[in-house]
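Since the structure comes first, as structure tokens, the remarks are kept for the end.
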Amino acid sequence: MFSEFRVPATPDVEALMAAQKRNLDALTAANRVALEGAQAVARRHMEILQQSVGELTEAMQSITATPAPQDKAAKQAELLKTSYSRAVGNMKELAELIQKSNSEALALLNRRFVEAMDEAKTMVAKTVVTKTPE
């Protein structure tokens, strides 16, 4: 069966190099998207941290200004409830940012993979020549 096919001795080097360049370009773009996503997550995390410190300072001042122990306990419970709810929301937001960034980077790589497979099919079709029956 394999004797029916001939492969030329010289593959299309220019097409192979162009395909590899496109592969590297796609990888570079995916890395850039991932890095930008990581930077966005880090910026948002810093904003959340700064906001949390400010809110904690205000809450501590409010608690210490309250003279009655029952009121302090109630404020602490409310603070804990609010802080927990906000922390869950912030974690969800950061996870969504990470997911979005990863999805965008993966989409770039998947798109290039499909293109590369199509290019490979085309190159094989051009280089594999069937032997004519004699």
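Heavy-atom basis, side chains included; hydrogens, waters and symmetry copies ignored. Since the structure is predicted, the reported quantities are computational estimates derived from the model, not experimental observations.
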Exercise for the section: Please tell me if the side chains of V114 and D118 come closer than 4.5 Å, counting only heavy atoms from C-beta onward. Expected result: yes
Problem - Reported CE-to-CZ distance for the pair M91 and R86, which is rounded to 0.5 angstrom - result: 13.5 Å
Handout entry: Inter-residue atom distance S62.OG - L79.CG, 0.5 Å rounding
Key = 9.0 Å
Exercise for the section: State the CD-OG1 distance between Q76 and T66, to the nearest 0.5 angstrom. Expected result: 9.5 Å
Practice task
Please identify each residue that fulfils salt bridge (charged side-chain N to carboxylate O under 4.0 Å, His left out) with K21, with sequence neighbours left out.
Solution key: D25
Completion exercise
CG of L27 to CG of L109, rounded to nearest 0.5 Å, is 6.0 Å
Problem - Side-chain donor/acceptor of S103 to backbone N/O of Q99, under 3.5 Å - result: yes
Practice task
Examine distances only and state if a side-chain atom of S101 and a backbone atom of L97 form a donor-acceptor pair shorter than 3.5 Å.
Solution key: no
Exercise for the section: Can you tell me which residue pairs pass the side chain to side chain donor-acceptor pair (under 3.5 Å) test with a partner in residues 34-43, sequence neighbours excluded? Expected result: none
Handout entry: Side chain to side chain, Q20 and L24, heavy atoms closer than 4.5 Å
Key = no
Handout entry: Approximate separation, where rounding is to 0.5 Å, of L94 CG and R44 CZ
Key = 7.0 Å
Problem - Pairwise distance CD1(I48) to CD(E55) - rounded to 0.5 angstrom - result: 10.5 Å
Fill in the blank from the handout: R22 meets the salt bridge (charged side-chain N to carboxylate O under 4.0 Å, His left out) criterion, sequence neighbours left out, with E119
Exercise for the section: May I ask you to decide whether K81 forms a salt bridge with E78, counting only side-chain N to carboxylate O separations under 4.0 Å? Expected result: no
